[in-house]
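Each chain gets a letter, A, B and so on, in the order its sequence line appears, and its residues count up from 1. Quick caveat: nothing in here was measured; it's all calculated off a predicted structure.
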Protein chains: 2
Amino acid sequence: MNRKATALDVAKRAGVSRSAVSLVLNGRGDGNVAKESQDRIRQAAQELNYSPNAIALSLRNQRSRVIGILSDEVVVSPFDGNIIGGADDVARSRGFVTVVMDTERDTARDASAIETLLDRQVDGLMYVTVGLKPIEVPQGMLRVPSVLANCYDAHPEPQLHHVIPDEVTGGREATDHLLQMGHTDIALLAGSSDSPAAPLRVQGYRDAFATAGLNASEGRIHMAGWDIDAGYHGAMKLLDGVSPSDRPTAIMCANDRLAVGVALAAARLGLNVPTDLSIMGYDDETRIADTMVPALTTMALPLREMGRAAMTTLLDALEGADRAGAETTKETMVPCRLVVRESTGPVPTR
Amino acid sequence: MNRKATALDVAKRAGVSRSAVSLVLNGRGDGNVAKESQDRIRQAAQELNYSPNAIALSLRNQRSRVIGILSDEVVVSPFDGNIIGGADDVARSRGFVTVVMDTERDTARDASAIETLLDRQVDGLMYVTVGLKPIEVPQGMLRVPSVLANCYDAHPEPQLHHVIPDEVTGGREATDHLLQMGHTDIALLAGSSDSPAAPLRVQGYRDAFATAGLNASEGRIHMAGWDIDAGYHGAMKLLDGVSPSDRPTAIMCANDRLAVGVALAAARLGLNVPTDLSIMGYDDETRIADTMVPALTTMALPLREMGRAAMTTLLDALEGADRAGAETTKETMVPCRLVVRESTGPVPTR
DNA sequence: TTGAAAGCGCTACCAT
DNA sequence: ATGGTAGCGCTTTCAA
């Protein structure tokens, strides 16, 4: 708990001035400081285990090389953490550090959290949410370069760039996968409309049918919620006591938890997956989709890529502040990725 | 992106000196500054939307009221986020803010992350992990008051206070619950020994039997891993093709995911839960245990409480630095909490 | 009651 | 090539 060495300590030890230390340690020694002084300085710094005080640096330079990440509940919830992971990856690789604050879904805390971050001189801000959603962009975010990840400005005239998954294409390709295996009666457990992702995925489902020249039967689309029990009860309604010819041959779910519920229902009804029924998930939730029995075929959300893309956009804006107006597009859509595992198979012959 | 107002701006606007502003805004105005100056200052501050520059404050005061939280993978993984939530709760209520850095399980990054935090003048440090585990305490943590949450110093002579769940009691009470419902043949899917939590929970299981005057049959304890498939296959081994009289009447799992696998197996075998088989989980994982069908009886990990306790310990040490040596105990054990839902019931009569 | 000045650790610009 | 100095925004002491 003893005080850290300062540049002055290093200077004393090396028998030079503070300025010399600063120059050398910042690589501007050559041509300014004698070679041998340089060595002594570096040596002294090493011995004292010197590293510059970032606070003083920030105050002096008016920039901190810190990016503040504001999370609605990414930290405390089990979801979407990899967005932050991806963002941090690129931040670190470019010499920035990220600090995260989580408001636990209390938007009233947004402003104060941002104020806190801003007061600490963050060079940029990123807002990240669990699940795609429109947000009210907190005023403070406009004071520094900022970006939105997995969410977007609810206003008609958006100020900030956002990075979101391409849900329509995701829904379409998930459906395509089933279509290609010969399924035509595909039920859709579609989440609930409190999330904008749900209707988008439904849209993709419809598009896939349309492209295939088939009619998506609207009666097969059920807004079911997002959890295991919803999947279970939804599947039961679709399958229990229904004659095989009237059953859907595949159930597509708006997330993996629904798929777990469906699998549970299928097991209870003595239906084998995938020979009697194909089940398709969405999200590729870690340690759910990959460890289910059978392992879930699913549409992976590109979380890490989204985080990377968002941070890249932000840092580009930050570092290229000179060559102005380079930024034109306000939206990045990252494609989802089909992960084929064991819960889907060819349509049963009957 | 225009510069924020400084204390000098406020002073000018109010027609006073910087010191006056400082005094008033820090509540030391009375007796030092004229009442009406005070009003003008407060007014000006308001109008300019002034808030002090935290960087300058930290530099000046040598403390930042920031607590750094270092996470091994709490942020990016789906688990244990509420530890951070709880920690943040108490930090905020005591006027501190927390910033989180996640190393994504790369312990090589520990030291540099801590250095970063330290360079930014954090007043204290908290190390938090996913799952109970021993850690190598990074040197830097000893330079400021620090605490360990959900992990503990691997060394024989621990320096830091740690907060962990009481796994033995948790295992015991979970088993007790089953015992009390008349089960005596209770299988245990015990996770794997790469986690210190597993043997502790097993210990609790044995203790419960011992206390009840029963023999825990060691043959019923299976180190099975932690995921759904492990639960599924473990249960299949226990149940499939086994005559009802040789089947365990209850399966206790070392986490909820195992329990999901067990439920899946039971469903496939036509076994009803809980009338044919009771299933007990562990962790009370959000949106898993509570939404399973049937909803899982489980032993809840006191995540939020652990976070709260850890932060309380840390801030007490920080703020009570004067009255020294108050801290004697190095360990806080937080009790787990039995949550009875629908997956457990009386032993079947046969 | 008020204002001037020092100093937290650092870098950049001056003189020397 | 080197060292002195100003100043980032703030609080605190001291003089007026």
For A:Leu25 and C:dT11, what is the distance between atoms CG and P respectively, to the nearest whole Å?
8 Å
Heavy atoms only, 4.0 Å cut-off, all strands: where does B:Arg28 land among base, sugar-phosphate and nothing?
sugar-phosphate
Do B:Ser19 side-chain and C:dA4 base share a donor-acceptor contact under 3.5 Å?
yes
Take the protein atom CG of B:Leu23 and the nucleotide atom P of D:dT11, then report the distance between them rounded to whole Å.
9 Å
Rounding to an integer number of Å, can you tell me how far B:Asp9 CG sits from D:dG9 P?
9 Å
Which residue, B:Val16 or B:Ala56, contacts DNA chain C at a nucleotide closer to its 5' end, judged by nearest heavy atom?
B:Val16
If you check the A:Ser22 side chain, which of D:dC10, D:dT2, C:dT11 turns out closest?
C:dT11
Which residue lies more 5' along DNA chain D, comparing B:Pro52 with A:Arg40 via nearest heavy atoms:
A:Arg40
Can a salt bridge be assigned to the pair B:Arg105 and B:Asp110 using a cut-off of 4.0 Å between side-chain N and carboxylate O?
no
Decide, yes or no, whether a salt bridge links B:Arg94 with B:Asp89 under the criterion of side-chain N to carboxylate O below 4.0 Å.
no
Across the strands shown, which category fits A:Ala20 at heavy-atom distances under 4.0 angstrom: base, sugar-phosphate, nothing?
nothing
Nearest-neighbour nucleotide for the B:Ser17 side chain, C:dG9, C:dG3, D:dT11 considered:
C:dG3
With distance as the sole test, does B:Ser58 use its side chain to make a donor-acceptor pair with the main-chain N or O of B:Ala54 at under 3.5 Å?
yes
Can A:Gln121 and A:Asn61 be counted as having a side-chain donor-acceptor contact under 3.5 angstrom?
no
From CZ of B:Arg60 over to C1' of D:dT11, roughly how many Å is that when rounded to an integer?
4 Å
Have a look at B:Val74 and tell me which of B:Ile69, B:Ile83, B:Val100, B:Val128 forms a side-chain contact (heavy atoms from CB on, under 4.5 Å) with it.
B:Val128
Can you tell which of C:dC10, D:dT2, D:dC10 lies closest to the side chain of B:Ala7?
D:dC10
For the pair made of CG in A:Leu57 and C1' in C:dA12, what is the distance, rounded to whole Å?
13 Å
Find the distance between OG1 (B:Thr313) and CE (B:Met126) and round it off to the nearest 0.5 Å.
9.5 Å
Rounded interatomic separation in angstrom, taking NZ from A:Lys12 and P from D:dG4
13 Å
Using the side-chain heavy atoms of B:Thr6, tell me which of these nucleotides is nearest: C:dT11, D:dT2, D:dG9.
D:dG9
Scan B:Asn32 against the nucleic acid and name what it touches under 4.0 Å (heavy atoms): base, sugar-phosphate only, or nothing.
base
Under 4.0 Å between a side-chain N or O of A:Tyr50 and OP1 or OP2 of C:dC10?
yes
Under 4.0 angstrom, heavy atoms only, what part of the nucleic acid is B:Leu59 near: base, sugar-phosphate, or nothing?
base
Quick one: is D:dG9 close enough that its OP1 or OP2 comes under 4.0 Å of any side-chain N or O from A:Gln62?
yes
Could you check whether A:Ser58 gets within reach of a base, just the sugar-phosphate, or nothing at all, counting any heavy atom under 4.0 Å?
nothing
Between C:dC13 atom P and A:Arg18 atom CZ, what is the distance in whole Å?
16 Å
Does A:Asn61 have a side-chain nitrogen or oxygen under 4.0 Å from the phosphate oxygens OP1 or OP2 of D:dC8?
no
Between atom CD in A:Gln121 and atom P in D:dG9, what is the gap in whole Å?
8 Å
